[in-house]
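These notes concern the structure reproduced below.
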Amino acid sequence: MGNNVVTAFAAMKAGGPLEPWSFESSALGSDEVDIDVTHCGVCHTDLHLMNNDFGITAYPFVPGHEAVGVVKAIGSGVTHLRSGQRVGVGWQRGTCGECEWCGSGLQNLCAKSRPTCLAGYGGFAKSLRVDSYFAIPVPDALGSAVAAPMLCAGITVYSPLRRYLGPGSRVGIVGIGGLGHLAIQFARAMGAEVTAISTTQDKAAEATRFGAHHFVNSTDPEQMKKLAGSLHVLVDTATANLDWSAYLATLRQNGVFCIVGGPQGPVVLPVLQMIFGQYTFAASMIGPPSEIEEMFRFAALHNIRTAVEEIPLDQVNSAMDKVRTNKARYRMVLTM
Ligand code: ZN
Ligand code: ZN
């Protein structure tokens, strides 16, 4: 088998646009698969990585960690996937396979995790090569454009909701964007009473359409006060710094505040308020492949659908602009 040339879009330097670029793939490893990418979602993290905001980006940098496509080539040791099968790849393209987290099926916590677009080239490309364990089958009931954003945005909210919600739990979803609109749908389907919390009054009707029972405009202190002491769980998908004390006040005792998007800077918490409420401040990091599979089944079963705007790969820079300016409703998906 000769080496294949893969066409992609890459940033050549921090702050630069994405440009057409290609690279040659080497020989396929025995545990690897090559996927012909058909769809790839655009995540805010792609923008941060393009700009080297975390200081860990190498260039040329090919973003994309919400890829769906079709298995093209299969390594000699791979028995659970077949050629032509539809699969998705999220934040991880592989992990160490040996640590206690990998051994217990919590690969998302592996310290030697190989992020899809950092330990190789990402999904803004015609082809993507990953460890076959991280190529996750997509059920027939989920379209590829709908499934792609679930691989990062979806699992990021599904995992903590699954961890913290019980039937009848009252949950607040902070921020109604790519993550939040999926969080509302998942929480509703899990049997929770869902309050969507946003600074944007315009999103009230859509929040209801996604399944929220209530909408609270967080810029109105009176509306926030009405929530006082009521919520079991708050999931913060927003990227702005919040008035933490005002948000914690919406929790009932023993409540959990979980950040999944979160501000880039440090969070300063009111300690006495935390203690008297016996609150838990938590964070969540994507989810392992087994949970992504479960999320896909759950989404198929409950007719959960990502609201997507599809755009061809060669218009990727306009898609990035929409994400940068928060104009995506609600997730941009590139089509190859
Ligand atoms: Zn992401
Ligand atoms: Zn590991």
Crowding at CH2, Trp21 (>12 non-hydrogen neighbours, <6.0 Å) = yes

Donor on one side chain, acceptor on other, Arg114 and Thr95, under 3.5 Å = no

Can we say Arg329 and Glu206 salt-bridge, meaning some charged N sits less than 4.0 Å from an Asp/Glu carboxylate O?
-> no

What about Trp91 and Trp101, same hydrophobic cluster or not, with Ile/Leu/Val/Met/Phe/Trp/Tyr joined at side-chain heavy-atom distances under 4.5 Å?
-> no

Angle class for the Tyr59/Phe61 ring planes (parallel below 30°, perpendicular above 60°, tilted otherwise)?
-> perpendicular

Do Val5 and Phe23 belong to the same hydrophobic cluster, where Ile, Leu, Val, Met, Phe, Trp and Tyr are linked whenever their side-chain heavy atoms lie under 4.5 Å apart, directly or via other members?
-> no

Any side-chain donor-acceptor pair under 3.5 Å between Tyr330 and Glu309?
-> no

With a 3.5 Å cut-off and no angle check, do the side chains of Gln92 and Ser113 form a donor-acceptor pair?
-> yes

Apply the side chain to side chain contact (heavy atoms under 4.5 Å, CB included) test between His44 and each candidate in Leu49, Asn326, Leu179; give the one that qualifies.
-> Asn326

Any donor-acceptor N/O pair, Asn51 side chain to Asp53 backbone, under 3.5 Å = no

Counting N and O atoms only, with roles assigned by atom type, does the side chain of Gln278 sit under 3.5 Å from a partner on the main chain of Ile275, one being a donor and the other an acceptor?
-> no

Do Ile176 and Ile184 have side chains that get closer than 4.5 Å, going by heavy atoms?
-> yes

Using only heavy-atom distances, determine whether the side chains of Ser284 and Arg163 contain a donor-acceptor pair under 3.5 Å.
-> yes

Polar contact flag, side-chain donor to acceptor under 3.5 angstrom, Arg305-Asn303 = yes

Can you check whether Val174 reaches Thr237 side chain to side chain, under 4.5 Å on heavy atoms?
-> no

Polar side chain donor-acceptor pair, Glu310 to Thr335, under 3.5 angstrom | no

Ring centres under 6.0 angstrom apart (Phe9, Phe124) | no

Between the side chains of Tyr279 and Gln253, does any donor sit under 3.5 Å from an acceptor?
-> no

Short side-chain to backbone donor-acceptor contact, Asp36 and Ser127, under 3.5 Å | no

Sidechain N-carboxylate O distance under 4.0 Å for Glu193, Arg188 | no

Name of the residue among Thr116, Thr45, Asp46 meeting side chain to side chain donor-acceptor pair (under 3.5 Å) with His65 = Asp46

Electrostatic pair Arg129-Asp34, nearest N-O below 4.0 angstrom = yes

Looking only at side chains, do Asn217 and Thr219 share a donor and an acceptor under 3.5 Å apart?
-> yes

Would you call Lys112-Glu98 a salt bridge at under 4.0 Å N-O?
-> no

May I ask you to test the His232-Arg252 pair for a side-chain heavy-atom distance under 4.5 Å?
-> yes

Are Val194 and Met224 in one and the same hydrophobic cluster, where Ile, Leu, Val, Met, Phe, Trp and Tyr link if side-chain heavy atoms are under 4.5 Å apart?
-> no

